[in-house]
Amino acid sequence: MRDEATILHIDMDAFYASASLIARPELRGKPVVIGAGPRSVVLSATYEARALGIHAAMPVGRARRLAPHAIFLEPDHELYADISASVMEVFRSFTPLVEPLSLDEAFLDVAGVRRLIGDPVHIAESIRTRIADEQQITCSVGIATTKFVAKIASQHCKPDGLLQIAGDDVLTFLHPLPVKALWGVGPKTEEVLSRLGLRTIADVAHTPKTTLERALGQSAGEHLHNLAWGRDEREVYPWEPEKSISAAETFGEDLDDEEAILRELLRLTERATQRLRERGFKARTIGISVRFADFSTISRSKTLRDATSVTHEIFETARSLYQNLHLDRVRVRLVSVRLENLEQVGESAEQLLLTQGPKWAESDQARDQANQRFGGGSVRPARLLRKPTRDTRDVSK
DNA sequence: CCCAATATAAGTTCGCCG
DNA sequence: TGGACGGCGAACTTATAT
């Protein structure tokens, strides 16, 4: 194990509701609804929302009803991608070893540049200053010898903080924390651990590894035991290949009409396959998930003989997966389309056209180009021309 | 009663092959 | 022919994270 704390975990504070974002000219003075979840203005209970004068938290559906003309800053809004790209660029100006975890979080390994630029704390302060200057966003930085401890440290000092945990202090820092703080322990695992009488990370550390493995499975048991002793071998990888692409949509109201559900499925297939093609992938495995009114969820998938990126082909697979469920007017809340087993398409576009069936591949290509030129959704299958169902989200009830 | 969207990892079950 | 067994990939579920 390295004994010097050179791993940084940087977490933007209030990224999705940052003052700089709301101050953007195109948003100034307009009602803005932030977030996408059941409590769309998720931030009401947090420091950042108070600072911004946001008081109301409500489901996004209600927000749409109350303020239909508001600007909805959902997580996939392009403004966030812009800011994220700028921020990651700042990180990369300090070291190439930047591993983004999401739009607003990244790990950095500064071991190799410390002689060049300065010690990790100095680097962290420089980064915080630059992000504040350029984006008017505060961020919190955890510095430690491992990813895991760096991540907990940044949570610990949030907001607008910096916390370094030296190698010698790791266990003192870690052990009093609740098991929930272990990365990978969610509600289910917490419950299992609690039945074993384990409440703190120290408790987990002092439990025989075999006991943990029996209760949680081999891999998770061993992993947690290691983390509890501050052992985390994972390195900072600047790049990981993508493994799946998916698109999902929760309906404004539950649907039970097969025709309507298939229309949504086609729309989601469009969304997913377009991203697939943008990234130069084909997929061999097509999966769907269906969530019912009671929130239970099932999934089905099919692996094809040959990978494809053709909307038509993928939709037909998704459709047959759906129809094989033989749902008879069951109330459905969400469907999703997932593409897995991704393969990078070879250089030759000709080969793609020949092997994929010229007609559909060409029509996809033409549509992608048109959508790029005229904006997403300007060209779409005839089947989708009827009024989209999602707009029913904010009416009635 | 209410519970987003996207991605990853790992566990289980099952069928196929030798 | 019958069966136990192991390996393997596919299908599916569950858990977790942001």
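So that the names make sense, note that chain A is the first sequence line, chain B the second, and so on, each numbered from 1.
When side chains are defined from C-beta on, A:K147 does not count as touching A:H9, because their heavy atoms never get closer than 4.5 Å.
Within the structure, every side-chain polar atom (N or O) of A:R271 is placed at least 4.0 Å from both OP1 and OP2 of B:dA5. At B:dA5, none of the side-chain N or O atoms of A:S246 fall inside 4.0 Å of OP1 or OP2 (strictly under the cut-off). Between A:R333 and the phosphate of B:dA4, there is no side-chain N or O to OP1/OP2 separation shorter than 4.0 Å. The phosphate of B:dT8 has neither OP1 nor OP2 within less than 4.0 Å of any side-chain N or O from A:R338. Distances shown here put every side-chain N or O of A:K243 at or beyond 4.0 Å from the OP1 or OP2 atom of B:dA10.
When distances run from any side-chain atom of A:S244 to the nucleotides C:dT16, B:dA7, B:dA5, the shortest one goes to B:dA7. Comparing B:dA10, C:dA10, C:dA17 by their nearest atom to the side chain of A:R284 picks out C:dA10. Across C:dT16, B:dA5, B:dG11, the shortest atom-to-atom separation from the side chain of A:K188 is found for C:dT16. Relative to the side chain of A:P187, the nucleotides B:dA7, C:dT16, B:dA10 differ in distance, and C:dT16 lies closest.
Residue contacts for A:L334: at a heavy-atom cut-off of 4.0 Å it reaches the sugar-phosphate backbone alone, with no base atom in range. Within 4.0 Å (heavy atoms only), A:K151 reaches sugar-phosphate atoms of the nucleic acid but no base atom. Nucleic acid contact for A:S336: none, since no nucleic acid atom lies under 4.0 Å from a heavy atom of the residue.
B:dG15 sits 16 Å from C:dA4 when the P atoms are compared, rounded to a whole Å. Separation of the P atoms belonging to C:dT18 and B:dC3 is 23 Å when rounded to the nearest angstrom.
Look at CZ on A:R214: it is 18 Å from C1' on B:dG11, rounded to the nearest Å. Here the P atom of nucleotide B:dT6 and the CD atom of A:E249 are 9 Å apart, to the nearest Å. For the pair A:I152 CD1 and C:dA17 P, the computed distance is 11 Å after rounding to whole Å. For the pair A:D104 CG and B:dA5 P, the interatomic distance rounds to 19 Å; values are reported in whole Å. Following rounding to the nearest Å, A:M88 (CE) and C:dT18 (C1') show an atom-to-atom distance of 12 Å. C:dT18 atom C1' lies 12 Å from atom CZ of A:F107, rounded to whole Å. One can place CE of A:M12 at 14 Å from C1' of C:dT18, the figure rounded to the nearest angstrom. Summarising the geometry, the separation between CG on A:L216 and C1' on C:dT16 is reported as 13 Å, rounded to the nearest angstrom.
Comparing the axis of the opening five pairs of the helix from B:dA5-C:dT18 to B:dG18-C:dC5 with that of the closing five pairs yields an angle of 10°, rounded to 10°.
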Which side-chain N or O atoms in residues 325-339 of chain A pair as donor and acceptor under 3.5 Å with protein atoms at least two apart or in another chain?
residue : atom : partner : partner atom : Å
A:H326  : ND1  : A:Q323  : O            : 3.4
A:R329  : NH2  : A:D256  : OD1          : 3.2
A:R333  : NE   : A:D254  : OD1          : 3.0
A:R333  : NH2  : A:D254  : OD2          : 3.2
A:R333  : NH2  : A:A293  : O            : 3.4
A:R338  : NH1  : A:S289  : OG           : 3.4

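Of the residues in residues 293-305 of chain A, A:I298, A:S299, A:R300, A:S301, A:K302, A:T303 come within less than 4.0 Å of DNA chain C through at least one heavy atom, sorted by number.
Looking at A:N341 and A:T285, their side chains do bring a donor and an acceptor atom within 3.5 Å of each other. Side chains of A:T311 and A:R277: a donor-acceptor N/O pair is present below 3.5 angstrom, by distance only. Under the 3.5 Å distance criterion, with hydrogens and angles disregarded, no donor-acceptor pair is assigned to the side chains of A:D109 and A:T95.
Using a cutoff of 4.0 Å between basic side-chain nitrogens and carboxylate oxygens, A:R128 and A:E125 are scored as salt-bridged.
Of the listed residues (A:T146, A:N226, A:V149), just one forms a side-chain contact (heavy atoms from CB on, under 4.5 Å) with A:D232, and that residue is A:T146.
Atoms CD1 and CD1, on A:I123 and A:I127 in that order, are 7.0 Å from each other to the nearest 0.5 Å. One distance of note links CD of A:E99 with CZ of A:F91; it measures 13.0 Å at 0.5 Å rounding. Once rounded to the nearest 0.5 Å, the distance linking CZ of A:F15 with OG of A:S102 reads 8.0 Å.
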Going through the checks in order, is the side chain to side chain contact (heavy atoms under 4.5 Å, CB included) test met by A:E316 and A:R319? CA-CA 5 Å; A:E316 283 308 309; A:R319 190 179 55 77; 2.4 Å; yes

